[in-house]
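Each remark here refers to the structure printed beneath this line.
Residue numbering restarts at 1 for every chain, and letters A, B, ... go by the order of the sequence lines.
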2 protein chains.
Amino acid sequence: MWSNHINYHCIMRTHQLVLTWIENELSAGRLMVGGRLPAERSLAEQLAVSRTSVREAIRILEAMGVVRAGVGSGPEAGTVVISDPTAALGSALRLHVATQHLPVKDIVETRVLLESWAVSQASPDAPGLRNAAALLAGMDEPGLSVDEFLALDVQFHLALADAAGNAVVSAMMGSLRESIQGYAGRLTANLPDWAATASRLMAEHHQILDAITAHDGGRAAKLVAAHIEGYYQEAGLGPSA
Amino acid sequence: MWSNHINYHCIMRTHQLVLTWIENELSAGRLMVGGRLPAERSLAEQLAVSRTSVREAIRILEAMGVVRAGVGSGPEAGTVVISDPTAALGSALRLHVATQHLPVKDIVETRVLLESWAVSQASPDAPGLRNAAALLAGMDEPGLSVDEFLALDVQFHLALADAAGNAVVSAMMGSLRESIQGYAGRLTANLPDWAATASRLMAEHHQILDAITAHDGGRAAKLVAAHIEGYYQEAGLGPSA
DNA sequence: TAGGGCATGTGGTCCAACCACATCAACTAC
DNA sequence: GTAGTTGATGTGGTTGGACCACATGCCCTA
């Protein structure tokens with residue numbers, strides 16, 4: 001698609017020219033996270049293109065989680081560079097799931113693969129693990145609604161993924177989660193006895209954390225795989241797809 | 001009816017409205033891969049928005065690999081639904097590498113993880129493997145230029161990833177490749193003796209394929225990991241990042 | 001000095017053109 | 001009758017200009 005390399009001798013659409021310019025600014029370090037792009041009108045004049053084309057490029061970067069656009073004046077305004085890879089990967093995966101060219105089964109399988117690897121690599125003293133333990137404590141609180149429990153569950157698993165210290169794996173895990181979030185939420189309605197399921201999930205969570213703390217990455221990986229696959233099978237993924 | 005006004009300022013920007021509409025059409029099965037979106041002007045009228053907003057939405061979908069836009073008339077023209085998850089993931093990863101928030105080291109590590117898993121899962125009679133063998137034969141041809149060799153190498157590794165039959169893993173592998181393609185190409189210049197390296201790579205390729213054919217997924221995975229890590233270390237990734 | 005109100009600059013949206021391109025049908029020349 | 005040309009049609013691609021809502025900050029007034 002957009003070649004990283006020389007496009008100068010190729011004809012390219014105007015918004016791709018803008019895109020290439022911005023990407024070069026990023027690569028060269030002249031634009032950094034937290035920095036701001038020139039105003040749309042100004043950038044259009046600089047690159048001798050229309051504001052429309054600049055906007056199309058910015059819209060793409062926004063969808064990719066590379067910039068955030070804000071109206072008005074002040075620190076929250078303007079187009080500022082951020083870095084949210086999960087947003088891009090998540091939207092893309094969700095859209096392709098919608099086209100039914102990415103089976104949910106493959107997404108779950110990939111999630112098992114990545115999360116198993118993450119916990120197998122996690123060091124017991126990784127900074128994120130303390131966070132994970134705190135989340136577990138929060139999930140033990142009585143009187144939590146299903147939605148509250150699931151929200152904490154998502155955060156717990158993301159904390160596990162972060163513990164491996166690989167930003168790409170963390171981003172992919174987050175996007176996989178996001179892409180099937182609606183799907184997983186619907187599955188919950190299939191569960192015959194939510195209280196029983198929740199208590200089983202919590203027991204498994206503690207086992208996983210214990211295995212990591214005990215430096216037993218292999219066991220942690222197996223537990224995570226069983227944990228995830230068990231949930232989806234109980235909720236009815238298995239037979240349908 | 002409520003004025004557009006209130007709607008898009010309180011709920012979502014207009015191009016997101018278009019995006020949502022299209023995503024719903026996809027989920028509902030009214031739009032499928034190979035199908036065509038209404039013409040931009042027509043869609044704008046349908047949704048009571050400007051053509052500009054429709055175009056911004058289509059630009060995003062195009063960047064996500066969900067749609068391909070073609071000018072003129074005939075079968076190649078118009079905006080048709082495709083499914084190229086690799087494009088989206090690859091562009092996103094590349095951009096975030098440019099912001100230096102995704103270390104190349106993590107990308108290589110993730111690639112090792114995914115590709116190792118893929119070959120460990122690959123069945124010896126997977127359809128893609130015959131293709132992989134043919135690519136290897138092509139790479140044995142004498143007189144191949146470095147670039148030709150590397151192009152075949154990319155295809156070989158992607159064929160390996162496809163052999164596991166997981167579309168998500170295949171897409172992610174392709175995108176990881178794409179995101180560091182420029183980087184890897186530059187590394188080649190660091191190699192002291194290309195001919196020696198190429199022959200070593202080929203020997204390892206054959207070993208990997210043999211392990212898969214022998215149903216020894218575990219050995220294949222180990223070989224792949226060593227193959228990839230060895231290349232990047234020889235080319236100088238290790239010390240720099 | 002404290003307050004209101006306008007000047008400025010941002011992104012968000014829309015419109016009305018025009019261009020380049022590709023196909024197809026009608027028309028013309030042979 | 002056939003072959004070639006030519007224009008009509010419809011597609012996305014691009015542009016400039018206009019207006020809006022919003023947020024800040026200065027300036028002027030009470």
| Side-chain N or O of A:R59 less than 4.0 angstrom from OP1 or OP2 on C:dG11? | no
Worksheet item: What about A:R41: does its side chain form a donor-acceptor pair under 3.5 Å with the base of C:dG11?
Response: yes
Less than 4.0 angstrom between a side-chain N/O of A:S73 and OP1 or OP2 of C:dT8, yes or no? no
Hey, what's the ring geometry for A:H205 with A:H157, parallel, tilted or perpendicular (30° and 60° as the breaks)?
perpendicular
Under 3.5 Å: donor-acceptor pair, side chain of B:D106, backbone of A:N166:
no
In whole angstroms, the gap separating C1' of D:dG12 from CG of B:L61 amounts to 15 Å
Side-chain donor/acceptor contact of B:R51 with base of D:dG13 under 3.5 Å: yes
| Evaluation steps, side chain to side chain contact (heavy atoms under 4.5 Å, CB included), between A:V81 and A:L37 | CA-CA 7 Å; A:V81 180; A:L37 261 66; 3.8 Å; yes
What I want to find out is whether B:E56 reaches B:R59 closely enough, with some N-O distance under 4.0 Å, to be called a salt bridge. no
In whole angstroms, the gap separating C1' of D:dG13 from CE of A:M12 amounts to 14 Å
Separation of D:dT14 atom P from A:E40 atom CD, nearest Å, is 17 Å
- Which is true for B:A39 with a 4.0 Å heavy-atom rule: it touches a base, it touches only sugar-phosphate, or it touches nothing? sugar-phosphate
When rounded to whole Å, the CD1 to C1' distance for the pair A:I58 and C:dT13 reads 15 Å
A:L17 atom CG is separated from D:dG13 atom P, nearest whole Å, by 15 Å
To the nearest angstrom, the CZ-P distance between B:R13 and D:dC22 comes to 14 Å
Check: Counting just side-chain N and O atoms, does B:T14 come under 4.0 Å of either OP1 or OP2 of C:dT13?
Finding: yes
| request: Give a yes or no on whether the backbone of A:V168 and the side-chain of B:H96 come within a donor-acceptor separation of less than 3.5 Å. | output: no
Given D:dG13, is OP1 or OP2 found less than 4.0 Å from the side-chain N or O atoms of A:T52? no
A:R55 CZ to D:dG16 C1', in whole Å, measures 15 Å
When rounded to whole Å, the CD to C1' distance for the pair B:E56 and C:dG11 reads 11 Å
